[in-house]
Amino acid sequence: QVQLAESGGGLVQAGGSLRLSCAASGRTFSGYAMGWFRQAPGKEREFVAGINRRGGSTYYADSVKGRFTISRDNAKNMVYLQMSSLKAEDTAIYYCAADFSFTIPTLAAEYNYWGQGTQVTVSS
């Protein structure tokens, strides 16, 4: 079992940057693919980025490709989302999620564990 806790959200101007962190508990963190999702008011939760168990493979939603970077440090049980060139439409609650998988799932229903979320607000 994995427990997740996000941090690093906040208010930033359009064009700015933020780095989200997700701390994971449990000794088997390296056995989980990790994903970042976001949910804006009135919208469904959507996939943002994912990274495989060892960190050698990543996948991004088209809307964030080239602006966001996902990474992980298995020694520290951490996963990160570096966000740059932020836009107003990036405003949402951001969640990290874990799935005991060899691949990088992109559907929310495929992830078994979720954090509580962290708010990101981009002002235009």
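Side-chain atoms are counted along with the backbone in the values below, which use heavy atoms only and exclude waters and symmetry mates. Owing to the predicted nature of the structure, the values given are computational and were not obtained by experimental measurement.
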Next item on the list: Could you tell me whether the side chain of Ser84 and the main chain of Arg67 form a donor-acceptor pair under 3.5 Å?
Entry: yes
Checklist line | Nearest atoms (heavy-atom pairs only) where Ala88 meets Ser124 | finding: CB-CB, 4.1 Å
Margin query: Thr91 vs Arg38, test: side-chain contact (heavy atoms from CB on, under 4.5 Å). Steps then yes/no.
Written below: CA-CA 9 Å; Thr91 295; Arg38 66 187 181 187; over 6 Å; no
Next item on the list: First locate atom OG1 of Thr69, then atom CG of Leu81, and finally report the distance between them rounded to the nearest 0.5 Å.
Entry: 8.0 Å
Checklist line | Gap between atom CZ of Phe68 and atom OG of Ser17 - 0.5 Å precision | finding: 9.5 Å
Checklist line | Transitive ILVMFWY side-chain link Trp114 to Ile104, under 4.5 Å | finding: yes
Check: If every non-hydrogen atom of Pro105 is compared with every non-hydrogen atom of Ala33, which pair is closest and at what distance?
Finding: CD-CB, 4.0 Å
Notebook entry, point to check: To the nearest 0.5 Å, what is the distance between CE (Met83) and CG (Leu18)?
Noted result: 4.5 Å
Check: Are Lys87 and Asp90 ion-paired here, with the side-chain N under 4.0 Å from a carboxylate O?
Finding: no
Check: Closest heavy-atom contact between Glu110 and Thr106?
Finding: OE1-N, 3.5 Å
Margin query: Just to verify, what does Tyr111 make a ring-ring contact (aromatic ring centres under 6.0 Å, His included) with, not counting sequence neighbours?
Written below: Phe37
Item checked: Asn74 and Arg72 side chains, donor-acceptor separation under 3.5 Å -> yes
Notebook entry, point to check: Is Val48 reachable from Val79 through a run of hydrophobic residues whose side-chain heavy atoms are each under 4.5 Å from the next?
Noted result: yes
Checklist line | Non-hydrogen atoms of Asn52 and Gly55 that approach each other most closely | finding: OD1-N, 3.0 Å
Notebook entry, point to check: Distance from Asp99 atom CG to Arg53 atom CZ, nearest 0.5 Å?
Noted result: 9.0 Å
Item checked: Interatomic distance, Leu4 atom CG to Phe29 atom CZ [nearest 0.5 angstrom] -> 8.0 Å
Check: Is atom NZ of Lys43 surrounded by more than 12 heavy atoms (other residues, nucleotides or ligands) closer than 6.0 Å?
Finding: no
Next item on the list: Take the angle between the ring planes of Tyr113 and Tyr32 and call it parallel below 30°, perpendicular above 60°, tilted in between.
Entry: perpendicular
Notebook entry, point to check: When you look at CD of Gln3, are more than 12 heavy atoms from neighbouring residues, nucleotides or ligands closer to it than 6.0 Å?
Noted result: no
Check: Rounded to the nearest 0.5 Å, how far apart are CE of Met34 and CD1 of Ile51?
Finding: 9.5 Å
Next item on the list: Answer with yes or no whether the hydrophobic clustering places Phe47 together with Leu86; edges join I, L, V, M, F, W, Y residues whose side-chain heavy atoms lie under 4.5 Å apart.
Entry: no
Note to self: Is there a side-chain contact between Tyr60 and Ile70 in this structure, where contact means two heavy atoms from C-beta onward sitting under 4.5 Å apart?
What the structure shows: yes
Item checked: Over 12 foreign heavy atoms within 6.0 Å of OH, Tyr59 -> no
Check: Of the non-hydrogen atoms in Leu20 and Gly9, which two are nearest, and what is the gap between them?
Finding: CD2-N, 3.6 Å
Margin query: Quick one, Met78 with Ser21, criterion side-chain contact (heavy atoms from CB on, under 4.5 Å). Give me CA distance, side-chain angles, the key distance, then yes/no.
Written below: CA-CA 7 Å; Met78 296 291 295; Ser21 299; 3.7 Å; yes
Checklist line | Single-linkage hydrophobic cluster, 4.5 Å side-chain cutoff, Phe100 and Val2 together | finding: yes
Checklist line | Under the side chain to side chain contact (heavy atoms under 4.5 Å, CB included) test, residues paired with Gln116 that sit two or more places apart | finding: Ala5, Glu6
